[in-house]
Amino acid sequence: MNENYRHRRLLNLLRERRILSTADIIQLLDISPATARRDINKLNEQGRLKKVRNGAESMEVAYTQGGHHYDINNAEEKQRIATKAGELCQAGDCVVLTCGSTMQMLGNSLCGKKLQIITNYLPLANYLIEHNHEDIVIMGGQYNHHKKVTLSLNTTESEMPYSANKYAANIMFSSGKGFTQAGLFKTDMIIANSEQQLLAKVEKFVVLLDSTKLGKQVGILFSELKDIDLLITGKEANPKIIAQLREQGLEVILA
């Protein structure tokens with residue numbers, strides 16, 4: 001059994017059982033104790049599982065909302081990031097929340113507060129509606145079933161009076177797949193293009209990113225470092241990377 005296949009099997013077992021002892025892993029995968037420990041250590045370093053005493057624990061948290069089932073990687077860290085982000089929002093603010101699990105957590109925490117939430121992320125919009133949030137703006141466009149977002153069409157302002165570039169806000173929160181001294185990276189160009197239209201009219205751009213994505217250059221550069229006002233990430237982040245970002249003048253909050 002090669003390493004990649006073994007890792008996939010181990011992660012699938014953890015999704016089902018949430019936690020496994022080292023003895024369980026040895027038996028279920030039919031591997032040696034040394035191989036089991038090596039796999040646990042490697043996947044722990046990659047942020048794909050959590051190493052615990054005498055075993056491993058899933059990094060994914062499953063929850064159901066609106067009839068849909070979601071798995072969230074690094075859920076505990078993302079919840080801390082979302083909580084810290086929520087502290088930036090004041091009564092009367094207008095905030096933009098893009099798509100993703102951290103945005104969902106942030107939106108859930110802001111629900112019911114006296115602020116306007118602008119989003120194109122349908123699971124979040126549905127949650128806010130179901131829980132009677134009073135001030136919601138759902139950006140229009142074509143619905144993308146896979147990403148669960150509405151995407152602005154490539155039209156001029158006169159043709160699309162409610163396109164993304166018409167919205168203004170106090171804070172825009174976004175995430176991505178990688179973050180380096182170059183800036184924030186995203187892998188979906190269609191979503192990146194839609195979100196890019198919002199940046200011109202926000203007062204503050206805040207990136208919410210779990211620590212496993214720091215130091216990774218993945219996909220396309222969405223926003224240069226100089227255009228990002230604040231990064232909120234987990235306290236698990238590599239201190240060297242955080243120091244380098246701060247040396248470049250970026251404000252970083254560790255949640």
Side-chain angles (χ1 to χ4, degrees), residues 45-48 72-74 77-78 81-82 84-85 88 95-106 118-121 124 139 141-142 144 146-157 160 163-234 236-255:
E45 290 170 2
Q46 294 173 352
R48 299 170 70 188
I72 302 179
N73 292 319
N74 307 314
E77 181 183 357
K78 288 180 178 180
I81 292 169
K84 186 63 67 174
L88 301 176
V95 299
V96 175
L97 274 64
T98 56
C99 61
S101 55
T102 308
M103 298 302 142
Q104 181 73 55
M105 292 175 175
L106 174 57
I118 301 174
T119 189
N120 66 341
Y121 188 44
L124 172 58
M139 291 185 287
Q142 183 173 345
N144 183 302
H146 179 64
K147 299 293 183 181
K148 298 180 175 61
V149 296
T150 55
L151 300 170
S152 296
L153 302 176
N154 233 357
T155 56
T156 65
E157 293 190 13
M160 182 70 78
S163 61
N165 57 18
K166 289 288 188 178
Y167 295 99
N170 300 101
I171 308 174
M172 175 174 170
F173 295 98
S174 191
S175 189
K177 296 297 184 180
F179 199 99
T180 70
Q181 293 181 63
L184 173 66
F185 289 82
K186 292 178 180 283
T187 54
D188 192 306
M189 289 189 291
I190 296 175
I191 289 180
N193 179 63
S194 178
E195 293 179 5
Q196 194 75 48
Q197 298 177 51
L198 293 161
L199 281 176
K201 295 184 179 180
V202 297
E203 296 175 8
K204 191 170 188 177
F205 180 43
V206 179
V207 175
L208 310 181
L209 214 60
D210 70 78
S211 58
T212 64
K213 298 183 176 72
L214 300 186
K216 294 182 179 179
Q217 187 169 304
V218 183
I220 60 171
L221 181 63
F222 174 77
S223 181
E224 294 183 16
L225 198 69
K226 65 180 177 63
D227 298 319
I228 299 169
D229 296 294
L230 174 64
L231 167 67
I232 304 179
T233 188
E236 299 89 343
N238 186 320
K240 183 178 178 181
I241 294 176
I242 297 301
Q244 291 171 342
L245 293 172
R246 285 172 170 164
E247 285 172 6
Q248 295 296 318
L250 178 67
E251 182 182 358
V252 181
I253 293 177
L254 300 178

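Side-chain atoms are counted along with the backbone in the values below, which use heavy atoms only and exclude waters and symmetry mates. Count residues from 1 along the sequence.
- Side chain of Thr98 to backbone of Phe173: a donor-acceptor contact under 3.5 angstrom is found.
- Summarising the geometry of Gly215 relative to Thr180, their closest heavy-atom pair is C-CG2, 3.9 Å, with the distance given to 0.1 Å.
- A heavy-atom distance below 4.5 Å is not found between the side chains of Asp227 and Phe205.
- Contact check for Ile228 versus Phe222: no side-chain heavy atoms found under the 4.5 Å cut-off.
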What's the verdict on side chain to side chain donor-acceptor pair (under 3.5 Å) for Lys213 and Ser175, showing C-alpha distance, side-chain angles and the deciding distance? CA-CA 10 Å; Lys213 298 183 176 72; Ser175 189; 5.7 Å; no

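- In this structure, NZ on Lys186 lies 9.5 Å from CD on Gln196, to the nearest 0.5 angstrom.
- Note: Leu208 CG to Met103 CE = 4.0 Å, rounded to the nearest 0.5 Å.
- Taking all atoms of both residues into account, the shortest heavy-atom contact from Leu214 to Ala237 is CD1-CB, 3.6 Å.
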Quick one: do Leu106 and Val95 satisfy side-chain contact (heavy atoms from CB on, under 4.5 Å)? Show the steps, please. CA-CA 11 Å; Leu106 174 57; Val95 299; over 6 Å; no

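- Residues Asp229 and Ile171 are not in side-chain contact: their nearest non-hydrogen atoms beyond the backbone lie 4.5 Å or more apart.
- Under the 4.5 Å side-chain criterion, counting only non-hydrogen atoms from C-beta, Leu225 is in contact with Leu245.
- Distance check: Phe185 CZ to Leu209 CG gives 11.5 Å after rounding to the nearest 0.5 Å.
- Atom CG of residue Leu124 and atom NZ of residue Lys148 lie 13.5 Å apart, to the nearest 0.5 angstrom.
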Check step by step if side-chain contact (heavy atoms from CB on, under 4.5 Å) holds for Thr233 and Leu254. CA-CA 5 Å; Thr233 188; Leu254 300 178; 3.6 Å; yes

Using the side-chain contact (heavy atoms from CB on, under 4.5 Å) rule, take Thr102 and Asp210 through it: C-alpha gap first, then chi angles, then the decisive distance, then the call. CA-CA 9 Å; Thr102 308; Asp210 70 78; 5.9 Å; no

Assess the residue pair Glu195 and Met172 against the criterion (side-chain contact (heavy atoms from CB on, under 4.5 Å)); give the C-alpha distance rounded to whole Å, side-chain angles, the decisive distance to 0.1 Å, and a yes or no. CA-CA 10 Å; Glu195 293 179 5; Met172 175 174 170; 4.0 Å; yes

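- The shortest heavy-atom contact between Ile81 and Gly234 is CD1-N, 3.8 Å.
- For the residue pair Lys84 and Ala255, the shortest heavy atom distance occurs at CB-CB, 4.1 Å.
- The distance from the CE atom of Met139 to the CG atom of Leu198 is 4.5 Å, given to the nearest 0.5 Å.
- The CG atom of Asn120 lies 10.0 Å from the CG atom of Leu97; values are rounded to the nearest 0.5 Å.
- Although no hydrogens or angles enter the test, the distance criterion places no donor-acceptor pair under 3.5 Å between the side chain of Glu236 and the main chain of Ser211.
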